[in-house]
Amino acid sequence: MENYLSQQRQHVFSNVGVLIYVFDIESRDFDRDLLTYRSIITALSQFSSTASVYILIHKMDLVVPGQREDIYNDRVSLIQSKSDTFVPIPFATSIWDQSLYKAWAEIIHDLVPNLDKIEHHLGSLGKLIQAEEVLLFERSSFLVVSSWCSEIGSDNPTTDRFERLSNIIKNFKQTTSRYTGTPKSAEQFALMELKLSNFSLFILKFTTNTYLAVVLPPGEERFNSAIENCYIAKAEFEDLDSPAKKGADRGATASSEA
């Protein structure tokens, strides 16, 4: 870390789009953690003043439930006081619940270029194929980038279905990797289909950076038509997803005290 802040300072902190900084709630030297964070923020201010800053207050499950909110708010207040001109977006996280997933999903969502256009097109596609729900996943992490629901889909009582589906897909990818010998980071499947008595679902490789999941009422004709229309729509979404539409590339760096 000292090397990053001295000899490699300009190299590490130039052209940064995102800083994701993780604080350990159980750290025995939080004052020292704040000093390190302050040094990084100062370097970021010097070389990447327009970067977005996200703060994860991690291992919150180790705090007594009745004290979590007060301790979290206190830590966030101290961190914000050391953030210079940046306004960090904080998250309370733990590996034992969905909080870490939700934090990463929100960060990914905030950083997607052309998001308004993507969401508009996603809604148009969902209506066209008469879907109940459409989900757009980031390719490598399978975090939900965006989604659209019909009136029927919005009545789904499973509020954590995005997280559940992400975990199912990632487990599927890992299993596929074991049996095929392909790297876990590779794209192991192009299309997954699931047809049950009360609904149908397919997940297909959509653009360079995304996969698309579609939930439909049962019916073979509707199912096949929806897949075909999604393949036709790929070109339009790929255009929104292309580097040429994003402007200058944005870098990212992450630092952890956990």
Side-chain angles (χ1 to χ4, degrees), residues 97-106 108-109 112 114-180 182 184-242:
D97 57 29
Q98 303 292 1
S99 59
L100 194 57
Y101 176 96
K102 290 178 179 178
W104 284 113
E106 188 167 333
I108 291 290
H109 181 272
V112 174
N114 302 312
L115 185 61
D116 291 343
K117 292 182 179 179
I118 289 173
E119 292 185 334
H120 173 74
H121 287 1
L122 202 65
S124 297
L125 178 62
K127 294 172 185 175
L128 176 70
I129 62 179
Q130 298 179 313
E132 292 183 356
E133 190 162 17
V134 181
L135 307 174
L136 192 66
F137 291 94
E138 195 274 326
R139 181 186 64 82
S140 57
S141 65
F142 268 95
L143 295 169
V144 173
V145 172
S146 183
S147 64
W148 173 86
C149 271
S150 67
E151 290 185 8
I152 295 175
S154 61
D155 290 334
N156 192 324
T158 309
T159 57
D160 63 344
R161 60 189 181 278
F162 293 176
E163 298 94 316
R164 291 189 184 190
L165 189 54
S166 287
N167 286 327
I168 289 169
I169 297 169
K170 283 185 280 191
N171 287 331
F172 171 75
K173 285 184 64 180
Q174 290 173 356
T175 302
T176 305
S177 177
R178 282 200 303 270
Y179 283 101
T180 61
T182 55
K184 291 181 180 180
S185 59
E187 299 165 1
Q188 285 89 16
F189 69 97
L191 176 66
M192 177 194 294
E193 299 182 3
L194 180 64
K195 299 176 182 178
L196 301 175
S197 59
N198 56 343
F199 78 95
S200 299
L201 176 145
F202 64 82
I203 302 171
L204 55 82
K205 187 179 183 305
F206 200 47
T207 69
T208 303
N209 297 309
T210 63
Y211 273 78
L212 186 73
V214 176
V215 181
L216 297 156
E220 191 71 18
E221 183 177 346
R222 185 199 299 260
F223 187 87
N224 293 334
S225 175
I227 290 181
E228 186 62 28
N229 275 292
C230 287
Y231 278 126
I232 292 171
K234 285 176 65 173
E236 183 68 25
F237 281 87
E238 188 72 65
D239 188 47
L240 289 172
D241 197 35
S242 65

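- Considering every non-hydrogen atom in both Lys205 and Thr208, the closest pair reads NZ-CA, 4.2 Å.
- For the ring-ring contact (aromatic ring centres under 6.0 Å, His included) criterion with Phe142, the lone passing option out of Phe137, Phe162, Phe172 is Phe137.
- Of all the heavy atoms in Pro218 and Ser200, the pair that sits closest is CA-OG, 3.9 Å.
- Looking at heavy atoms from C-beta onward, Asn209 lies out of side-chain contact with Phe237 at the 4.5 angstrom threshold.
- A heavy-atom distance below 4.5 Å is not found between the side chains of Leu136 and Trp148.
- When every heavy atom of Gln130 is checked against every heavy atom of Pro217, the shortest pair comes out as O-CD, 3.8 Å.
- Under a cut-off of 6.0 angstrom, the local environment of CD1 in Ile152 is sparse, with at most 12 non-hydrogen atoms contributed by other residues, nucleotides or ligands.
- Of all heavy-atom pairs between Glu238 and Phe206, the closest is OE1-O, 4.2 Å.
- Atom NZ of Lys117 sits in a sparse spot, with 12 or fewer heavy atoms from other residues, nucleotides or ligands closer than 6.0 Å.
- A side-chain donor-acceptor contact under 3.5 Å links Arg161 to the backbone of Thr158.
- Taking the six-membered ring where tryptophan is involved, the planes of Phe189 and Tyr211 are tilted, since the angle between them lies from 30° to 60°.
- Side-chain atoms of Ser225 never come within 3.5 Å of backbone atoms of Glu221 as a donor-acceptor pair (strictly under, hydrogens ignored).
- Ser177 places no side-chain N or O within 3.5 Å of a backbone atom of Lys173 that could act as its donor or acceptor partner.
- None of Ser154, Cys149, Ser150 except one satisfies the side-chain contact (heavy atoms from CB on, under 4.5 Å) rule with Glu132; the exception is Ser150.
- Counting non-hydrogen atoms of other residues, nucleotides and ligands closer than 6.0 Å to NZ of Lys170 gives a total above 12.
- A 4.5 Å side-chain heavy-atom check between Glu193 and Ile227 finds at least one atom pair inside the cut-off.
- For Leu204 against Cys230, the heavy-atom pair with the smallest separation is CD2-CB, 4.0 Å.
- Few gaps surround NZ on Lys234; more than 12 heavy atoms of other groups in view lie less than 6.0 Å from it.
- Between Val145 and Glu138, the shortest heavy-atom distance links the atoms CG2-N, 3.6 Å.
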